[in-house]
Amino acid sequence: MPDTSSHSATTASIATATKVDCRNINVFYGDKQAIFDISMAIPGRSVTSFIGPSGCGKSTFLRCINRMNDTIENARVEGQVIIEGENVNTDAVDPVLLRSRVGMVFQKPNPFPKSIYDNVAYGPRIHGLARTREDMDAVVQNSLTRAGLWEEVKDRLGEPGTGLSGGQQQRLCIARAIAVSPEIILMDEPCSALDPIATAKIEELIDELRERFCIVIVTHSMQQAARVSQRTAFFHLGKLVEFGDTEQVFTNPTDDRTQDYITGRFG
Amino acid sequence: MLETFSQIPMAWLAFAALAAAGCAAFLAGRTIAMGIARTSEAQLNSQPNYHGYYVAMWTVTPAALLLLGHALFGSGLTRSLLMAELPDGFASFDRLQLAQYLDRVSEAATLDRSVWAGEPLFAAVTERYMILKGGLKLGTFLLAILAGLAGLAFATRRLQASFRARHEVERGIQLALFACAAIAVATTAGIVVSLLFESIRFFSQVPLFDFLFGLHWNAQTEEHFGAIPLFFGTFIISLIAMCVAVPVGLYAAIYLSEYAGARARAWIKPMLEILAGIPTVVYGFFALLVIAPAVRTSAVWLNGLPFIPDEFFAASSTNALAAGLVMGVMIIPFVSSLSDDVINAVPQSLRDGAFAMGATRSETVKQVVMPAALPGVIASVLLAVSRAIGETMIVVMAAGLRPQITADPTAEITTITVQIVALLTGDSEFDSPKTLSAFALGFVLFALTLVFNLVALRVVQKYREKYD
C-alpha cells in the first residue's frame, strides 16, 4: 500500500533531473527491519527534506545514500541506490570513494580536534585534491566562503575548530563537507543543536548551496522543511508515506497520516 | 587464675560476645521504642528498628574500640610493664638482646610449664609476664563490659517518641564509612612517614649527594652507596619494557576498539585481562628459564660473527633484555585496557565525521581518533611506566645483581627494587647503613612512581574536561 502511493507521488512530481534513484531499499539491524521497501527519486540541484516522527527510519534511509550504515555492525542494506546511473550499493563500489562524492553533515557539530584550516583541508588531503600549498589555501578559503564562515575565521585559521561557537562549528562542518566538491550533501538534523539565529544562518546557507549541490536534509522541524526544501518526504514506521513537492505535501497532503503529522495530531 | 586467663584466645570470644550484646541491645531498643509508641500519644519519629540499631550502636562501639585497642597495643603494653619490673641483672642487656629475650618469654608463655622448668629466673619472668598479660586481658574485658553497659544506658535513656533515631543511625554509618576510608589514607601516610624517617637516618650517615650522584654501588661492604647504577638499571629495563608494551598494547587497544567485531572483542578482552592476572613470579621464572638463556645464546652467536668483535656482548645468563622483554609483556594489558577505555571515550560523532569525509578506518584512527585520545593514552603509558619501575619479581629473578652502567642489554644489570630485596633478605642489623639504604631506595622509588602517577592523573583530568 505505501509502496504504490510513494511511487505515484514520485513519478507525479519530478521537476529536475533525478540525481539519486533509490529502488526497493530494505534495511535490517540484525533481525529487526528498519526500512521497508522504499523507492524514491531524489532530484539534483534542489533540497529534499525527510520528515517524520522519531524512529521512523529517515536517518537510516539518509545513511544508505553514502553507505554510512556500513560502519554499523550487523546492519544490512538491500536494494539499489543509483547515483548518476551507477548502483553504489554493491561491494564493487568502494564506500570510501563514494563518500567523497556524497558529503554529510551531522546532528551535533563534530569538528575534528584540529585547527580550523586543517578541518577544512582534511578531505582534500586524504583524497589528494590539492597539489600545492596555494591550491590548498584556495580550496580552504573557497569552502569557508561558501559556508559563510570566512569573514568570521579568516584571522584565526590556526585555532582549534572546537573553540568555535555551535553554529560556527556546524558551518565549519559544512565547509569541510563541500571542500571535496561532492555532488550530494546529506544533512542529518543539522540545526537541532543550534539556537534560532544560528539555525537561520544555516538555512540561508542551504538555500545558497542548492544551486551547486543536491541536498538531502533530515529535520524534525516542519517549518524548516517548509522553508528550505523543494521536495518533502514523509516517513512513518520505516515506510515512505508520501513524497512530493513541499508545497503540495504541506498544503494538500494525499495521505491522512501526513495530514495528521503536519497538523500535530501525532508524532 | 590470671595465668590461665592469659592463654585463652580472646579474639573469637570477644567477637561472639560483641555480636550477642549487639543483638540484645537491638532487641532492647526496639522493645522500648515499641513500648513508647503504644503508650505515648505522639507518633514515633523513627521506626522501632532504628531505635534498636541506635542502641546496638552505642552498646557495641565503645566495647569494640576497647577490645581493638587491646588487640593492637596489648602485647606492647605488657612488654613495657614487664621491662620496668625486670631485676637489675638485665641492665647489661642491649636493646636487641632484650627484645630477643622477651620474644622467648612471650613464646614460652603460650606453651606448657615444663618447657621452662630448668631455668628459675626465666620461669619467674615468664610467670610474671603471664600474670601481667592475663590481668591486662581480664581488665580490658571487664572495662569493655562496663563501657558497653554505659553505652546501653546512655542510649536507652535518650529514646523517646520525638527522638530522631534514623538520623543518628545515618550519622553512625557515615562515621563508620569514614573510618574505613581513613584507614587507607592513614596507612599510606604511615608508610611515607616511616620511609622518610628511616631515609633521614640513612642520610645522616651517608651524604645525600653521594647517594644520588655516586657511580659506585656496593652496599654489602657498606662502603659505596652511589645509586646511579641502580637508577640506570631501572631506567634501562623500564625502557625495554615500554618498547614492548607501548606499541603492542596501544595497537591491541586500537584493534579492539576500532576494528574488532563484538564477537572478537568478547574473546580477546578477557584474554588480555587474564594476562594481567598472571602472578609476576610466573613471569619471573619464564624470564629466567626461557628468555634469558635464549638471549644468551643469541648473544654468543652474535659474538661469533666475523664482523663483530669477540666478547662484544656480555652474554650474561641473567640479563637486562630478558627481564625487560618479559616485563613488557606483563605490562601490555595495563597499556591496552587503559588505552582502550580512552579510545572508546572519543565520541562516535568524530569517527562518523571522518568516515563521511571518505576516510578509511586507519586514516580515521591516525588523524582523528588518536589525536583526540592522545592525552589519555599518554596517561596510560605513564601509569605503565610507574608500574615498570616498581616491578620487582621479574627483575629479581632475571636481571641479576651486578650494579653496573652499560648499554649492553645482554649484560647483567640490577635495579632499585632488586637491591632492596637483596639488602633486606638474610640476617642484618636494623640500623646499619646497609639496611637503612633500602629505605632510602624505597623512598626514591616511591617518589618516582608518585610523580608518574600524579602527572598521569593530571593529564587524565584535563582530558576529561574536554569531552564532558
Side-chain angles (χ1 to χ4, degrees), chain A residues 30 59 62-63 65-74 94-115 118-129 160-163 169-170 172-174 176-182 184-188 193, chain B residues 250 253-269 339-380 459-468:
Chain A
S59 287
L62 185 78
R63 292 163 67 99
I65 299 171
N66 67 345
R67 286 179 60 186
M68 277 298 275
N69 289 323
D70 288 18
T71 63
I72 298 171
E73 220 177 320
N74 75 40
D94 183 358
V96 167
L97 290 179
L98 169 67
R99 288 176 203 143
S100 70
R101 296 171 61 197
V102 186
M104 189 163 188
V105 176
F106 294 85
Q107 185 170 359
K108 232 181 105 200
N110 57 351
F112 300 138
K114 297 168 179 289
S115 69
D118 287 337
N119 260 285
V120 182
Y122 183 80
R125 263 190 201 134
I126 59 174
H127 297 297
L129 298 182
T162 44
Q169 286 190 11
Q170 195 61 301
L172 178 62
C173 292
I174 293 174
R176 185 176 72 187
I178 58 185
V180 292
S181 314
I184 302 158
I185 300 176
L186 310 177
M187 298 187 174
D188 193 353
Chain B
L250 191 56
I254 290 174
Y255 172 75
L256 281 178
S257 56
E258 300 295 319
Y259 288 85
R263 210 177 300 163
R265 217 181 137 81
W267 260 93
I268 297 170
K269 248 202 126 153
S339 306
D340 186 44
D341 292 346
V342 174
I343 293 171
N344 274 326
V346 174
Q348 182 62 32
S349 67
L350 282 184
R351 290 186 190 92
D352 284 347
F355 289 144
M357 293 302 299
T360 61
R361 246 175 225 284
S362 68
E363 284 167 348
T364 306
V365 169
K366 198 168 70 191
Q367 296 156 354
V368 176
V369 177
M370 284 322 284
L374 198 62
V377 170
I378 290 172
S380 79
V459 175
V460 166
Q461 272 171 0
K462 248 186 141 173
Y463 168 75
R464 261 197 206 129
E465 284 165 3
K466 222 167 123 191
Y467 282 117
D468 284 354

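The two atoms that bring Pro371(B) and Lys366(B) nearest to each other are CD-O, 3.3 Å, heavy atoms only. Closest of all the heavy-atom pairs between Ala177(A) and Val180(A) is O-CG2, 3.4 Å.
Atom CZ of Arg361(B) and atom CD1 of Ile254(B) lie 13.0 Å apart (nearest 0.5 Å).
Residue Arg67(A) does not touch chain B at all, counting heavy-atom pairs closer than 4.5 Å. The parts of Phe112(A) that come within reach of chain B are both its backbone and its side chain, each placing non-hydrogen atoms under 4.5 angstrom from that chain. When heavy atoms are compared at a cutoff of 4.5 Å, Val105(A) does not approach chain B at all. Of the two parts of Pro111(A), only the backbone, made up of N, CA, C and O, holds a non-hydrogen atom closer than 4.5 Å to a non-hydrogen atom of chain B.
For Lys269(B), the NZ atom counts as densely surrounded, since its 6.0 Å shell holds more than 12 non-hydrogen atoms of other residues, nucleotides or ligands.
Interface check for chain B: of the options Asn66(A), Asp70(A), Thr71(A), Val102(A), the most heavy-atom pairs under 4.5 Å are formed by Thr71(A). Ranked by non-hydrogen atom pairs under 4.5 Å with chain A, the options Ser349(B), Ala359(B), Gly358(B) are led by Gly358(B).
You'll find the side chain of Arg351(B) reaches within 4.5 Å of the side chain of Val369(B), heavy atoms only.
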